[in-house]
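First up is the structure itself, then whatever we jot down about it.
First the proteins, then the strands, lettered A, B, ... as listed; each starts at 1. Since we're looking at a predicted model, the values are computed, not measured.
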Number of protein chains: 2
Amino acid sequence: MPTSAIRADSALPSTLRHVIALLRVTSRCGVRGAGIEDYLEGTELSRPTVYRLLKGLREEGFLRHSPVRHRYLLGYELLALGAEAGNGGNLRELARPHLFSLAQQFGGSFYLFALDGAHAVCLDVQNGACAVGSFAGTMGGRVPLGAGQASVALLSTLDPAARALVLKQHQARLCGEYHIDISRIEQAVADVHHAGFTRGVEGASLPEFAGVAVTIADPSGRSPTALSCSMLKSQLSEAREAEVILALQDAAGRMAQQIHGLLEPVS
Amino acid sequence: MPTSAIRADSALPSTLRHVIALLRVTSRCGVRGAGIEDYLEGTELSRPTVYRLLKGLREEGFLRHSPVRHRYLLGYELLALGAEAGNGGNLRELARPHLFSLAQQFGGSFYLFALDGAHAVCLDVQNGACAVGSFAGTMGGRVPLGAGQASVALLSTLDPAARALVLKQHQARLCGEYHIDISRIEQAVADVHHAGFTRGVEGASLPEFAGVAVTIADPSGRSPTALSCSMLKSQLSEAREAEVILALQDAAGRMAQQIHGLLEPVS
DNA sequence: TTCATTGTCTCGCCCTGCGAGACGCATTGC
DNA sequence: GCAATGCGTCTCGCAGGGCGAGACAATGAA
């Protein structure tokens, strides 16, 4: 997808569309920073307009100058907003210490995921001594529901109708990109319901990793969340896995209690 | 500052102003979520306009519905952009393992800060066994240069002229809000230059905490960064402090090497 | 110096974002 | 059940202002 930045379909105010396109272009250019030509190619704006908006975004802290001159990076204001966005219901702060001690104890990578429509979003990661990869990558990463352990766990919180819809929607990607068999996902979801955890569904990608995930029971009606981990297969013996599962379930249980504890009256 | 969301001074496109105002209002409302009346009060927009923009922002993932109906929260797209924004130069990913093992070893809170104009921004935090507070709070938090250990360390990377300017600019806040004596900041900055670390300047706020900070030497011309820690004073004996300083300097040194190692040719 | 490139400014057109108000559509009260 | 309240959307016409063309300024490279 070369120019996924532009979506002329919906009728948003044009300036909003343009601004978002600029942010996306900047994001795509990553560490390198985005130059004018990137913006001019990535959007259909004229040079003065690009500069105008760039200036505005810089003044508001949404963009900043790169140390490499004439390059722009995402600004720290986005960092603050993003931190707030990812802390929905103070969940991340609640989860952090648990993720920390899990990573410390087992050495793998531990994740907090939340449900976002038909995707799972990674709210936080804690890498232990030996960090490993995952579908979502880092904080803010998105995965289609079904791919990955946490993803399956979250899928299991949906009612069957919604679940089927989501799976159908992602079918092509799950098969093509992740090499995952849909029917096995449904099997895995069923397993979550009576085993209380999932190993996810093995696809052809990331074959050297293994992991498990559990859902976090949430009495307050917030959007569902899950804890998961990912480790080298060679380091996850059966006994070890049992330990990890227990630890995850314990953490999830404690978090549920904490959430319940700080249920505040809503304004 | 009740209505700091609106800044009519600069000549940004109005839609951009409005959008940012909406995001700020949403951010201010935090976990509770923002309702229509919040937006109508916090901005000077009409109801249809608010809805229009809200809808657009939702479609783009910059806002999302709260589980509490008729409330809006910051969307996960901001999380992704924020994560990218905070990872400038892959610095955060580089720092994470170091912060992790520091927190694991010493039990306090360890921070990665970056310079942003006249402020220090917290790029990452790692809380150890006993988490403590700090001026910046959490990821994305901003502190005026001069307040806090890392802040002083970053201040020391500026040339004297810029430093004086910044201090003058923050004078009122530093004295009034943080109860910090400017002249002592200058002293502390001088100390950084020959001792290679700083304890910051003690003000009247947060008297029960202590900490140290070191700068990260950066040959590549990125914006300056610093590592810092914060612990309960009672847990930071002199011997302990010496250990922490050494560990911080060691981590900073390794990071500098790593940065140097992955200096990539710029496009 | 000259040339190239970045960033800003002016200007006038006309697009389009805006506000007023009316209209479905929920949910809630009785 | 029916009214009432409030949320969210839609239409419409106006005019504010965002837009592009192009000139200009500032900076750096050759």
Who passes side-chain hydrogen bond (donor to acceptor under 3.5 Å, both in side chains) against A:T26, sequence neighbours left out? A:Y39
Exactly one candidate in A:T157, A:L94, A:L112 meets side-chain contact (heavy atoms from CB on, under 4.5 Å) with A:I216; the answer is A:L112
What's the [atom1]-[atom2] distance between [X] and [N], to the nearest Å?
{"X": "B:E59", "N": "D:dG8", "atom1": "CD", "atom2": "P", "result": "15 Å"}
{"X": "B:L53", "N": "D:dC10", "atom1": "CG", "atom2": "P", "result": "15 Å"}
{"X": "B:Y39", "N": "D:dG6", "atom1": "OH", "atom2": "P", "result": "20 Å"}
{"X": "A:L40", "N": "D:dG20", "atom1": "CG", "atom2": "P", "result": "10 Å"}
{"X": "A:L54", "N": "D:dG18", "atom1": "CG", "atom2": "C1'", "result": "16 Å"}
{"X": "A:L45", "N": "D:dC19", "atom1": "CG", "atom2": "P", "result": "7 Å"}

Would A:H65 and A:R58 count as having a side-chain donor-acceptor pair, cut-off 3.5 Å? yes
Between B:Y76 and B:R64, do the side chains contain a donor N or O and an acceptor N or O under 3.5 Å apart? yes
May I ask you to evaluate whether A:H18 reaches the phosphate of D:dC19, defined as a side-chain N or O under 4.0 Å from OP1 or OP2? yes
Measuring to OP1 and OP2 of C:dG17, would you say a side-chain N or O of A:T15 lies under 4.0 angstrom away? no
Which part of the nucleic acid, if any, lies within contact of A:S46, taking any heavy atom under 4.0 Å across all strands shown: a base, the sugar-phosphate backbone alone, or nothing? base
Sequence-distant partners of A:L165, side chain to side chain contact (heavy atoms under 4.5 Å, CB included), two or more places apart: none
Nucleotide by nucleotide, 5' to 3', does protein get under 4.0 Å of the base (B), only the sugar-phosphate (S), or neither (-) in nucleotides 6-13 of chain C, counting heavy atoms? BBBB----
B:R254, CZ: over 12 other non-hydrogen atoms inside 6.0 angstrom: no
